[in-house]
Amino acid sequence: MHVDLGSSLDATPGVSRASLERLDEQVAAAHERIAAGRDAHEHGYEALNLPSTVDLDAIRTAVAPFDDAEAVLTVGIGGSALGAATFADALAGPDDPDAYFLDNVDPEHVSRLLDSLPLDRTVLNVVSRSGTTAETLANFLVVRESMADAGVDWTDRTFVTTGESGNLRSLAEKHDLPSLSVPDGVPGRFSALSTVGLAVAAIQGHDLDAIRAGSADAAGGLSGSLFETPAYAYGATTYALAGRGAVTNAMMPYAERLETFAEWFAQLWAESLGKDGLGQTPARALGATDQHSQLQLYRAGPRDKLVTLVRPRDYSDRAIPETDLDGLSYLGGSSLGDLLDAEFEATEASLVESGVPAIRVEIDAVDERSLGSLLYEMEAACVLYGELAAVSTFTQPAVEWGKNAARGLLGGGDFEEAEAVDQRTSLVVE
Ligand SMILES: O=P(O)(O)OC[C@H]1O[C@H](O)[C@H](O)[C@@H](O)[C@@H]1O
């Protein structure tokens, strides 16, 4: 990824080149810590070793029985869905099996989706690192029943990705299902480049080697200076801006195919860095669409934001037909890509003009190699930010609290968090 920090210099809030140079000493120390964590295979840091540890052949072998699939339905949530969905939405071609994701338990949505799928030609991909997430297991039971009702032997159509033990692992063993393991030490939101994120890409026929090559390039490029490492430039600058008041980070790709990437980024940034009263709220926007809605706030609202503008440098373009319609001739002979690029640059300039910090992130193209690199570098940026902020990047106690409360309410165990539900105050207005 290519990072241009220029539009964040001297904004309000903003950083100066001198302050980034001072911060670079802390970046060097954080880089040492990250390298030591990777060498010792520590929890979380291990995710940054995935380019060399992921077993692509194991993924290909696990999905080989499903080479006739017309659709792949992933049942998973959070880190067990968003990485795979990012690849699927970015890379999908017209002849690929369709990818669907059940990452919610909205009953109407689940029923409608199941009614629309050719279940006898669908692969069911059940993913849960812990093997205990209620939404995932409930959806799995519902899909399994639908398959049975449709006369489909679900054991022929299902594969599982989970930890070495737990409910899902036992189920896979009991029914002799093809399965993959979630690698040790890799938290869900850092697992896009592992078995968790790559199995759907394999079923869709995408180039796993190129994804890995892109992430390996990025891993090889990590150095002790933010001025030499795009991932650290992004992580250090977003950290510095948050400390100066930019507590919201609007992630705004200018490519429809990267819309899900912004969702993936939101989980990575929010769950990893939202600790101890610190963090930076990820907002999701899409260029150019959200120029016509959210940009007003970004430019003229509270001075608590930075905008990350993302775009591919190369894409297949489409010409705009010539026209003699009054006032529109300037569009004719141009292209949709020219227009989108102009919108990107105009938006960046408008933010600079009003003093709002922006960071420009460019990738070569929306392809396997660039995505492997982009996801790896955003993970490295996040880990660096967490080191600089001294937060526990790889845990999510606040999320676990809510999971326990919900499980307790459903009678899934004795969880004291569930008591808080009865203790809430209500103030009803009808
Ligand atoms: O993969 P699972 O164990 O089912 O977890 C799925 C998700 O559950 C929780 O909400 C965690 O906070 C997320 O980080 C995780 O990605």
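Since the structure is predicted, the reported quantities are computational estimates derived from the model, not experimental observations.
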[atom2] on [Y] to [atom1] on [X], rounded to 0.5 Å:
X    : Y    : atom1 : atom2 : answer
E348 : L309 : CD    : CG    : 5.5 Å
T53  : H41  : OG1   : NE2   : 9.0 Å
N249 : Q280 : CG    : CD    : 4.5 Å
T289 : E259 : OG1   : CD    : 7.5 Å
S8   : L241 : OG    : CG    : 5.5 Å
I363 : E377 : CD1   : CD    : 10.5 Å

Could you walk me through whether F87 and W264 pass the ring-ring contact (aromatic ring centres under 6.0 Å, His included) check? CA-CA 10 Å; F87 286 120; W264 170 86; 8.7 Å; no

Assess whether side-chain contact (heavy atoms from CB on, under 4.5 Å) is satisfied between T393 and F190, documenting all intermediate values. CA-CA 11 Å; T393 306; F190 288 89; 4.1 Å; yes

Establish, from distance only, whether the side-chain atoms of [X] and [Y] form a donor-acceptor pair under 3.5 Å.
X    : Y    : result
Y254 : Q291 : yes
D184 : H43  : no
S272 : R189 : yes
N49  : S52  : no
S179 : R169 : yes
S293 : D290 : yes
Y234 : T308 : yes
Q396 : E400 : yes

Below 4.5 Å, heavy atoms only, C-beta onward: do [X] and [Y] meet side chain to side chain?
X    : Y    : value
H2   : R313 : yes
L82  : F265 : no
L50  : P183 : yes
L177 : W154 : yes
L73  : L113 : yes
V126 : T158 : yes
V110 : V105 : no
S130 : L168 : no

Considering non-hydrogen atoms only, spot the tightest contact between [X] and [Y] and give its length.
X    : Y    : result
A219 : R38  : CB-NH2, 4.2 Å
P118 : E70  : CG-OE1, 3.9 Å
R212 : P51  : CD-O, 2.8 Å
A99  : Q204 : CB-NE2, 3.6 Å
V63  : A202 : CG2-CB, 3.9 Å
R144 : L171 : NH1-CD1, 3.9 Å

Are the side chain of [X] and the backbone of [Y] linked by a donor-acceptor contact shorter than 3.5 Å?
X    : Y    : value
S354 : S350 : yes
K305 : Y298 : no
D4   : G6   : yes
T161 : V196 : no
Y315 : G337 : yes
K275 : T395 : yes
R157 : T122 : yes
S335 : D338 : yes

Heavy-atom count check: over 12 atoms from other residues, nucleotides or ligands less than 6.0 Å from D149 CG? yes

Crowding at CZ, R121 (>12 non-hydrogen neighbours, <6.0 Å): yes

So among L117, V75, V72, which one has a side chain to side chain contact (heavy atoms under 4.5 Å, CB included) with L124? V75

Could you please spell out the steps behind the side-chain contact (heavy atoms from CB on, under 4.5 Å) verdict for M252 and V310? CA-CA 6 Å; M252 191 166 184; V310 183; over 6 Å; no

Salt-bridge criterion met for E343 and R311 (N-O under 4.0 Å): no

Using a strict cut-off of less than 4.0 Å between a Lys/Arg side-chain nitrogen and an Asp/Glu carboxylate oxygen, indicate whether R112 and D106 qualify as a salt bridge. no

Steps toward salt bridge (charged side-chain N to carboxylate O under 4.0 Å, His left out) verdict (E417, R407): CA-CA 9 Å; E417 291 90 339; R407 237 178 119 181; over 6 Å; no

Evaluate side-chain contact (heavy atoms from CB on, under 4.5 Å) for N104 paired with E135, printing each intermediate quantity in order. CA-CA 7 Å; N104 200 350; E135 293 92 332; 5.9 Å; no

Walk me through whether I59 and V54 qualify under side-chain contact (heavy atoms from CB on, under 4.5 Å). CA-CA 9 Å; I59 297 173; V54 66; 4.2 Å; yes

